[in-house]
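Since the model is a prediction, treat every value here as computed from it, not as a measurement. In what follows, chains carry the letters A, B, and so on, assigned in the order in which the sequence lines appear, proteins first and then strands, with residues in each chain numbered from 1.
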2 protein chains.
Amino acid sequence: MTAKIARFLEEVRPATPCVVVDLDVVRDNYMGLRHWLPLAQVYYAVKANPAPEIIRMLVGLGSSFDVASRGEVDLCLENGARADNISFGNTIKKQSDIAYAYSKGVRLYAFDSEAELEKLAESAPGSRVFCRILMTCDGAEWPLSRKFGCEIEMAKDLLVKARELGMDPYGVSFHVGSQQTDLNQWDIAVGKAAMLFTALNEAGIDLKMMNLGGGFPAKYRTDIPAVERYADAVMHAMTNHFGNALPAMIIEPGRSLVGDAGVLEAEVVLISKKSYDEDVRWVYLDIGKFGGLAETMDEAIKYRIQTPRDGEETAPVVLAGPTCDSADILYEKAGYEMPVTLKVGDKVRILSTGAYTTSYSAVNFNGFAPLKAYFI
Amino acid sequence: MTAKIARFLEEVRPATPCVVVDLDVVRDNYMGLRHWLPLAQVYYAVKANPAPEIIRMLVGLGSSFDVASRGEVDLCLENGARADNISFGNTIKKQSDIAYAYSKGVRLYAFDSEAELEKLAESAPGSRVFCRILMTCDGAEWPLSRKFGCEIEMAKDLLVKARELGMDPYGVSFHVGSQQTDLNQWDIAVGKAAMLFTALNEAGIDLKMMNLGGGFPAKYRTDIPAVERYADAVMHAMTNHFGNALPAMIIEPGRSLVGDAGVLEAEVVLISKKSYDEDVRWVYLDIGKFGGLAETMDEAIKYRIQTPRDGEETAPVVLAGPTCDSADILYEKAGYEMPVTLKVGDKVRILSTGAYTTSYSAVNFNGFAPLKAYFI
């Protein structure tokens, strides 16, 4: 909670629920990454928070952009990004969307399968392509599935095929999992990717770029290592596996740039108990899983929550959203406690909600408007 | 898949993803419920599909409406519903939203806690109120949590208190869980509610209404009993526990009215394998968990999916959405198979997607537009 956000909430008193993002924090986070990882080019993962205000500021700071869709290509271009600073990082693209991005000048594309490579060869001829390899990393709070990436052996064949199809086999990407707190995972991943550089070198292909993906965390309920320790882990992994023949490096931070910049203010709508025998209070807020807090799915992301009565005696609560959906529960097992004096109408502040909130919000679920956001 | 929807998809060829809802099916489902449960007043659960086209048609048929929010109050009124045909069924309401609904003429409200009852007494004085009791039913496909309702003993005290506060203690509600396929659950639930009628009668309060909630299913992957068997189960439960002194009955169908009326057309964006050792194909569609198929959460709702190559040899698939989110997987464990000849660009049709799709859709996640819907 920055002084700027606190002042805004006190002076403007916006209707709840809303999220307020302090752009100075985004700027500081960006500059911090640049400072600690000067060799890496930053491609902001637009999906984390696609606000034009954020895109424009990052354009001004010299950032590049990792986009997930044709819509995000347009968003970046409309807000001042140059096409050659855009990476179309989604491995699942419609042929027509590839053609669209190519027509706008985008020349850097991700893929992880033969079918996608063939689409790229047809609609983005000669472009730089990088192959995403499969990681199954431990330590990430947001579940990493097998949805993206292919095994090393297949990646090798696909990059060879990319050359045959007239593409520029440019590099390799991986992702260690969002909100990754185990620094050792970068060494494992870079080591795996480096093997691919070697194998392709033997096939006469000189990969030029290592895309280290995202995964750097925001601060939720548990402590996280500082950004310099992440930078250190990444650079150690790179020098460990590549010596001083370092390829170009790309990072795709999303959560770590914007997460901690946002504070979500919500109102306590109801506090109740289910029976006389139970001590646990149910606290219902005017924001829930379908209003922007989708990452509470399976209680994965555990936000810090401030109340106006912090410091007083606390007791266990279940936290839930305002909709008629029985699945709209935020935290039931994660052990949240709140002051016993908490009252209906109190405003609570949910911290580090600058990433993966506004854009996850449902259009109109149960008749509730999408999450409103302010960028200051 | 009705002939009308098939013709629309063939003639209009709308861009995918989109959902097409056949209003005739909604009408037939409504008339079927009226026919088989003539004693019950139907309050359509607007949240299932809040399209004005559906509201207007149901107004014309004489339906009443169960709303979850101030936004849904307005939606119903703007589309011709009368305020005295609206039940504000959410047990979690802001004081200001209660006052708003009251000012518009809404006089029927749900509650399940003392704090909510006090809000109602202040902002909706003299209104009819019904208390939701807690059920923990087996047999529902969409998870029923303890989010709504209170235990019987507390409900009794709250209804007595309602009278003390000048409200009209009107009845009891419960919900057996959405997509409930165990018909016996209604008997258990009605039996529990009937005990409350008796207990309150002894306290000098004559409850007049039993709200049987929703829970009637749509047809997903498994067979479901016909509507008349549900009607039969409900009426048997009512006569079993109330004899011929039946209270007024309310049902709140959502899914069972609109679910089967909708077909979602989507495109196969990519088909791939992760390695040479694995046989399973990953099939990526242009719709996923965040584009409208939120009910695939934990693979709870299992939609039937048609492909243009049905009838040919099939093999196992994992089905996933188009976003860069690793959690955007539809079915990985549910054992879906698709034709081995399925190709990128094929259109697939996801059946029974008229309920809980459009309104769950995210505003702009990953830069993808919300789900488009047509009502024909």
Select one option (side chain, backbone, both, neither) describing which atoms of A:Leu75 are under 4.5 Å from chain B's heavy atoms.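 Neither part.
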Contacting moiety of A:Thr323, where chain B heavy atoms sit under 4.5 Å: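 Both parts, backbone and side chain.
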Which residue out of [options] racks up the most heavy-atom pairs below 4.5 Å with chain B?
options	answer
A:Val363, A:Ile152, A:Val318	A:Val363
A:Pro370, A:Ala48, A:Gly149	A:Gly149
A:Asn90, A:Asn364, A:Leu134	A:Asn90
A:Ser69, A:Ser272, A:Cys150	A:Ser69
A:Ser359, A:Gly71, A:Ala320	A:Ser359

How far does [atom1] of [X] sit from [atom2] of [Y], to the nearest 0.5 angstrom?
X	Y	atom1	atom2	value
B:Lys273	A:Met154	NZ	CE	8.0 Å
B:Met135	A:Ser326	CE	OG	14.5 Å
B:Trp282	A:Phe148	CH2	CZ	8.5 Å
B:Ser178	A:Asp325	OG	CG	8.5 Å
B:Asp66	A:Cys324	CG	SG	6.5 Å

Would you indicate whether B:Glu278, at its atom CD, is surrounded by more than 12 heavy atoms from other residues, nucleotides or ligands within a distance under 6.0 Å?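 Yes - once you tally the heavy atoms of other residues, nucleotides and ligands closer than 6.0 Å, there are more than 12.
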Excluding sequence neighbours, so at least two apart, what forms side chain to side chain contact (heavy atoms under 4.5 Å, CB included) with B:Lys94?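 For B:Lys94, the residues satisfying side chain to side chain contact (heavy atoms under 4.5 Å, CB included) (neighbours in sequence not counted) are A:Thr16, A:Glu267, A:Val269, A:Asp286, B:Ser96, B:Asp97.
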Could you pull out all residues at least two apart from B:Thr357 that satisfy side chain to side chain contact (heavy atoms under 4.5 Å, CB included)?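 Counting only residues at least two positions away or on another chain, B:Thr357 forms a side chain to side chain contact (heavy atoms under 4.5 Å, CB included) with B:Leu293, B:Tyr303, B:Thr353, B:Leu371.
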Is B:Asp328 close to chain A through its backbone or its side chain, or both, or neither, when contacts mean heavy atoms under 4.5 Å?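 Both parts, backbone and side chain.
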What part of B:Thr91 is in contact with chain A, defined as an atom under 4.5 angstrom from a non-hydrogen atom: side chain, backbone, both or neither?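 Only the backbone of B:Thr91 comes within 4.5 Å of chain A.
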Contact listing (chain B partner; residues 112-122 of chain A; heavy atom under 4.5 Å):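 When heavy atoms of chain B are the reference, residues 112-122 of chain A contributes A:Asp112, A:Ser113, A:Ala115, A:Glu116, A:Lys119 within the under-4.5 Å range.
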Can you give me the closest heavy-atom contact between A:Lys147 and B:Gly321, atom names plus distance?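 Nearest pair, atom of A:Lys147 first, then B:Gly321: NZ-O, 2.9 Å.
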Which heavy atom of A:Glu72 sits nearest a heavy atom of B:Gly367, and at what distance?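 So the minimum-distance heavy-atom pair works out to OE2-N, 3.6 Å.
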Residue selection (most heavy-atom pairs with chain A, distance under 4.5 Å) from B:Glu151, B:Lys274, B:Lys47, B:Gln95: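 Of the candidates given, the most pairs with chain A belong to B:Lys274.
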Top contributor to chain A contacts, counting heavy-atom pairs under 4.5 Å, from B:Ile271, B:Asp277, B:Asp157, B:Val268: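 Ranked by heavy-atom pairs under 4.5 Å with chain A, first place is B:Asp157.
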Once ring-ring contact (aromatic ring centres under 6.0 Å, His included) is applied, do any residues pair with B:Phe365, and if so which ones, sequence neighbours excluded?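 Checked B:Phe365 against ring-ring contact (aromatic ring centres under 6.0 Å, His included); matches are A:Tyr360, B:Phe290.
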